[in-house]
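Notes for the one structure printed next.
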There are 2 protein chains.
Amino acid sequence: LQQEIGAMSEDLIGYAKLTQDALRTVVRDAIKVALTGLPGDHHYYVSFRTHARGVQVANFLASKYPEEMTIVIQHQYDGLEVRDDWFAITLTFGGIPQRIVIPFSAITRFYDPSVRFALPFDVVDYFTPSLDANEDVLESELTDTIATKPEAGAVISLDAFRRKK
Amino acid sequence: LQQEIGAMSEDLIGYAKLTQDALRTVVRDAIKVALTGLPGDHHYYVSFRTHARGVQVANFLASKYPEEMTIVIQHQYDGLEVRDDWFAITLTFGGIPQRIVIPFSAITRFYDPSVRFALPFDVVDYFTPSLDANEDVLESELTDTIATKPEAGAVISLDAFRRKK
């Protein structure tokens with residue numbers, strides 16, 4: 001029985017999940033660097049599902065960004081705490097400090113514009129509120145507003161792991 | 001001071017290393033699956049630096065493949081042992097079982113042809129013998145010889161993490 005060249009089998013190992021789980025540790029390690037201050041021009045855009053399991057965020061923010069939120073970790077953050085499965089950070093919105101807790105499993109995208117390093121993630125474990133909401137970007141109080149859209153060339157695409165047949 | 005759009009900074013976080021370290025755990029997890037038998041058509045090509053730190057291999061194999069070796073984990077393996085930093089496996093060469101110990105840090109490439117999943121790695125910590133040797137592929141005793149060259153589309157390129165400026 002000759003195997004057809006190029007025939008693709010079903011992924012029974014689960015490479016996509018293994019890879020995503022592994023790459024979430026990259027996000028954790030990068031955020032850990034912010035504990036002692038980000039070097040050079042490095043700063044992070046962290047997008048997460050507002051209603052993913054374990055996310056803690058003020059109600060008014062959750063109402064404003066019911067689907068997805070993006071925070072920026074650059075200069076104006078406080079009380080950063082990084083654990084194995086989540087991190088917490090205090091950011092200021094409208095002059096009021098707000099504590100936000102984000103499990104790494106809730107993160108949909110990590111992006112460092114200074115070197116155009118981006119990691120996209122699937123988030124499956126979240127509750128979708130019955131609201132007609134699109135993605136929202138939360139800008140916090142930053143002086144500079146570098147575009148959140150990364151260059152395509154630097155984005156590691158996980159589509160390669162999702163192939164079927 | 002207006003920041004030039006598209007200007008790239010130096011990577012002071014070390015994303016390339018963080019990413020590679022993370023993805024080596026994918027290799028470990030995949031090889032762990034082989035402890036109970038690989039499902040479906042899954043099988044692995046594991047390439048490693050013959051003289052990387054921690055590699056243990058019979059002298060005649062190291063002489064034959066002084067630079068790099070590629071083993072295949074499919075049907076005919078025995079005594080698979082997987083730890084945090086290395087794995088060991090017994091493969092048969094010329095009818096003789098040979099024990100091979102491979103630290104994950106010595107692996108240059110992992111490839112599963114059944115779903116064309118490939119991960120390339122840099123290996124820096126190894127001793128290069130003063131021999132004029134190219135890459136060698138060690139075929140062991142396999143009945144089928146699926147090409148080791150993956151389709152380009154399925155290879156996750158780490159070049160994106162190595163960009164400078």
Side-chain angles (χ1 to χ4, degrees), chain A residues 1-34 38-44 110 112-119 144-147 150-165, chain B residues 1-34 38-44 110 112-119 144-147 150-165:
Chain A
L1 207 71
Q2 179 116 12
Q3 191 174 7
E4 190 183 318
I5 301 293
M8 291 281 279
S9 304
E10 191 188 351
D11 176 8
L12 301 170
I13 303 292
Y15 287 116
K17 185 178 186 313
L18 288 181
T19 303
Q20 290 214 1
D21 289 348
L23 291 177
R24 284 185 196 280
T25 69
V26 175
V27 177
R28 187 182 60 210
D29 291 344
I31 292 176
K32 271 184 183 169
V33 176
L38 291 173
D41 296 327
H42 286 288
H43 53 293
Y44 308 145
F110 173 87
D112 182 338
S114 73
V115 292
R116 291 184 193 146
F117 177 85
L119 293 172
D144 53 353
T145 53
I146 294 167
E151 300 299 307
V155 177
I156 183 172
S157 170
L158 294 182
D159 289 342
F161 305 108
R162 297 199 188 101
R163 291 194 171 198
K164 287 173 189 152
K165 302 283 156 186
Chain B
L1 208 72
Q2 178 114 15
Q3 191 173 8
E4 190 183 317
I5 301 293
M8 290 282 277
S9 305
E10 192 188 350
D11 177 7
L12 301 170
I13 303 292
Y15 288 115
K17 184 176 187 314
L18 289 182
T19 303
Q20 290 215 1
D21 288 349
L23 292 177
R24 285 187 196 279
T25 68
V26 175
V27 177
R28 186 182 62 210
D29 291 343
I31 292 176
K32 272 186 183 167
V33 175
L38 291 172
D41 297 326
H42 286 289
H43 54 293
Y44 307 145
F110 173 88
D112 182 339
S114 73
V115 291
R116 290 183 194 148
F117 176 85
L119 292 173
D144 53 351
T145 53
I146 294 167
E151 301 300 308
V155 177
I156 182 172
S157 170
L158 294 183
D159 288 343
F161 305 108
R162 296 198 190 102
R163 291 194 169 197
K164 288 173 190 151
K165 302 282 158 188

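These values consider heavy atoms only, across backbone and side chains, with no hydrogens, waters or symmetry-generated copies. Protein chains get the first letters and strands the later ones, always in sequence-line order, with residue 1 at the start of each.
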- Note on the structure: For B/Val115 and A/Ser9, the nearest pair of non-hydrogen atoms, with its separation, is CG1-O, 3.2 Å

- Note on the structure: The reported gap from CG in B/Asp11 to NE2 in A/His42 (rounded to nearest 0.5 angstrom) is 5.0 Å

- Query: Which of parallel (below 30°), tilted (30 to 60°) and perpendicular (above 60°) describes A/Tyr15 and B/Phe117?
  - Reply: parallel

- Sequence-distant partners of B/Lys17, side chain to side chain donor-acceptor pair (under 3.5 Å), two or more places apart: B/Asp21

- Can you name the side chain to side chain contact (heavy atoms under 4.5 Å, CB included) partners of A/Leu18, sequence neighbours left out? A/Ile13, B/Val26, B/Asp29

